[in-house]
Asks: 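Supplied in structure tokens, the structure appears directly below.
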Amino acid sequence: MWRRRRALLLRSPPSSSSTAASSCQHRRRHLLPSEEPLAVNRLARLFTSQAGSDCGNSQKPFIAFVLGGPGSGKGTQCTKIASDFGFAHLSAGDLLRHEIASGSEKGELILDTIKEGRIVPSEITVELIRKAMETSNANKVLIDGFPRCEENRIAFERIVGREPDVVVFFDCPEDEMVKRLLGRNQGRVDDNIETIKTRLKVFESLNIPVIDYYSSRGKVRKINATGTADEIFDAVHKLFSSLRF
Ligand SMILES: Nc1ncnc2c1ncn2[C@@H]1O[C@H](COP(=O)(O)OP(=O)(O)OP(=O)(O)O)[C@@H](O)[C@H]1O
Ligand SMILES: Nc1ccn([C@@H]2O[C@H](COP(=O)(O)O)[C@@H](O)[C@H]2O)c(=O)n1
Ligand SMILES: [Mg+2]
């Protein structure tokens with residue numbers, strides 16, 4: 001399934017004008033050319049001021065990135081992993097939604113981006129994750145829905161100063177993901193068919209390359225995300241029982 005998606009990608013790479021391809025370059029689409037160096041400098045400052053931070057935990061936490069398409073069941077499975085294996089569950093999407101709800105000045109940009117199904121600038125998301133890791137001070141952390149693109153990945157590795165220990169990939173067919181999202185009924189602004197189409201394109205064009213990257217580094221554990229949540233968790237349970245953390 002994963003290989004088929006990659007083959008499709010190779011056959012028709014997204015054009016530079018495609019909506020999905022420009023998502024990780026959100027600032028580039030919205031900034032005036034004269035503002036661009038400012039954004040780059042801001043990111044560079046963030047990298048240099050916090051590079052190598054251990055997020056407040058003197059023992060390095062075990063980090064699992066949890067990836068998969070929209071509606072593949074990341075959140076559902078993370079809740080079960082957290083409960084059975086004592087992991088802290090940090091969902092990048094939830095942290096961003098919480099930032100919107102807090103009324104912060106970045107909220108409007110985040111809301112617009114989520115409504116469009118695109119990717120929020122990495123400096124915002126990584127900073128929220130870094131703070132949440134610091135606050136939780138956990139020694140085992142699930143980071144759900146992150147990194148969504150290469151920019152996310154690079155920002156995390158530079159700011160937090162390390163790679164994840166493992167990357168869990170929930171592999172689910174698109175029609176099943178669409179069915180689940182349309183049935184989720186939690187009032188999410190991005191659970192409508194137009195935004196879902198963009199989220200699927202963004203997943204294929206920006207997130208699959210991140211999974212490929214970690215796969216080439218031997219970090220990816222792929223889980224078949226079809227079947228009931230309990231059936232899927234059987235496989236997840238086996239995987240986590242085999243990990244050393
Ligand atoms: N195995 C499953 N079978 C059927 N429905 C499921 C299954 N796993 C989760 N769901 C339901 O599908 C919806 C999406 O699941 P969930 O929120 O866990 O996905 P997600 O990958 O976190 O999605 P998103 O990327 O949008 O946050 C929810 O309503 C959830 O209850
Ligand atoms: N690393 C991330 C994670 C999420 N987003 C934005 O939030 C939306 C919802 O995320 P879920 O994981 O809850 O589905 C997502 O579509 C993005 O707009 C992000 O930008 N970066
Ligand atoms: Mg989720």
Side-chain angles (χ1 to χ4, degrees), residues 19-20 22-27 29 65-82 89-101 106-107 109-130 132 142-156 159-160 164 167-207 210-211 223-236:
T19 52
S22 56
S23 297
C24 207
Q25 299 156 3
H26 182 282
R27 282 162 297 147
R29 290 188 314 106
F65 284 162
V66 180
L67 297 177
S72 58
K74 301 179 293 298
T76 303
Q77 295 300 322
C78 281
T79 302
K80 291 172 179 286
I81 300 165
H89 174 198
L90 307 182
S91 154
D94 286 350
L95 290 169
L96 290 167
R97 284 182 284 271
H98 187 263
E99 188 68 9
I100 297 169
K106 295 180 208 107
L109 166 69
I110 299 171
L111 177 60
D112 288 348
T113 310
I114 290 181
K115 272 187 188 164
E116 287 182 0
R118 298 180 190 289
I119 309 236
V120 172
S122 298
E123 61 188 288
I124 295 177
T125 313
V126 173
E127 190 51 19
L128 292 173
I129 293 172
R130 191 192 65 75
L142 299 170
I143 304 187
D144 164 3
F146 182 94
R148 289 288 237 272
C149 60
E150 281 291 293
E151 186 197 67
N152 269 188
R153 176 183 75 72
I154 291 163
F156 182 90
I159 291 168
V160 177
V167 178
V168 182
F169 168 41
F170 289 106
D171 191 23
C172 193
E174 282 196 0
D175 53 353
E176 176 65 20
M177 294 195 280
V178 173
K179 195 170 83 184
R180 290 181 191 173
L181 292 174
L182 291 177
R184 180 153 54 183
N185 224 6
Q186 286 176 358
R188 274 182 52 165
V189 293
D190 52 350
D191 280 350
N192 59 78
I193 193 61
E194 277 314 305
T195 309
I196 290 169
K197 281 183 196 160
T198 306
R199 290 161 70 195
L200 289 168
K201 281 188 196 154
V202 167
F203 173 69
E204 292 285 356
S205 59
L206 299 179
N207 209 341
V210 175
I211 296 167
I223 302 277
N224 175 354
T226 56
T228 67
D230 284 344
E231 283 166 354
I232 297 162
F233 190 62
D234 284 345
V236 171

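Start at 1 with the first residue, then count along the sequence. Order of appearance sets the numbers: ligands from 1, and atoms from 1 within every ligand.
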Asks: Using side-chain heavy atoms (C-beta onward) and a distance below 4.5 Å, is Val66 in contact with Gln77?
Replies: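 When only atoms from C-beta onward are counted, Gln77 and Val66 do not touch, as no gap falls below 4.5 Å.
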Asks: Side chain or backbone of Thr226 under 4.0 Å from ligand 1, or both, or neither, by non-hydrogen atoms?
Replies: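 No part of Thr226 is near ligand 1 at this cut-off.
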Asks: Going by the rule side-chain hydrogen bond (donor to acceptor under 3.5 Å, both in side chains), which residues pair with Lys106 if we only count those two or more places apart in sequence or in a different chain?
Replies: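 None.
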Asks: To the nearest 0.5 Å, how far apart are CD1 in Ile196 and CZ in Phe203?
Replies: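 It comes to 14.5 Å.
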Asks: Side chain or backbone of Glu116 under 4.0 Å from ligand 2, or both, or neither, by non-hydrogen atoms?
Replies: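 Neither part.
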Asks: Tell me the contacting part of Gln186 for ligand 1: side chain, backbone, both, or neither, using a 4.0 Å heavy-atom threshold, strictly below.
Replies: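 Neither; no heavy atom under 4.0 Å.
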Asks: Please identify which atoms of ligand 1 are closer than 4.0 Å to at least one heavy atom of Leu181.
Replies: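 Per the distance check, 26 (O).
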Asks: In the protein, which heavy atom is nearest to atom 12 (O) of ligand 1, and how far is it?
Replies: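 Residue, atom and distance for the closest contact: Arg180 CB, 3.3 Å.
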Asks: Taking 4.0 Å as the limit for heavy-atom contacts, which would you say applies to Asp191 with ligand 1: side chain only, backbone only, both, or neither?
Replies: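 No part of Asp191 is near ligand 1 at this cut-off.
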Asks: Which of the numbered atoms in ligand 2 are under 4.0 angstrom from any heavy atom belonging to Gly145?
Replies: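 Listed by number with element, the hits are 1 (N), 2 (C), 3 (C).
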Asks: Taking heavy atoms and a distance under 4.0 Å, where does Leu96 meet ligand 2: side chain, backbone, both or neither?
Replies: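 The side chain, only.
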Asks: Quick one: look at Glu231 and ligand 1, take heavy-atom pairs under 4.0 Å, and tell me if it's side chain, backbone, both or neither.
Replies: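 Neither part.
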Asks: For atom 14 (O) of ligand 2, what is the nearest protein heavy atom, given as residue, atom name and distance?
Replies: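 Checked against all protein heavy atoms, atom 14 (O) of ligand 2 sits closest to Arg188 NH2, 3.0 Å.
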Asks: Give yes if a backbone or side-chain nitrogen or oxygen of Gly183 is under 3.5 Å from a nitrogen or oxygen of ligand 1, and no if not.
Replies: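 Gly183 vs ligand 1: no N/O contact under 3.5 Å.
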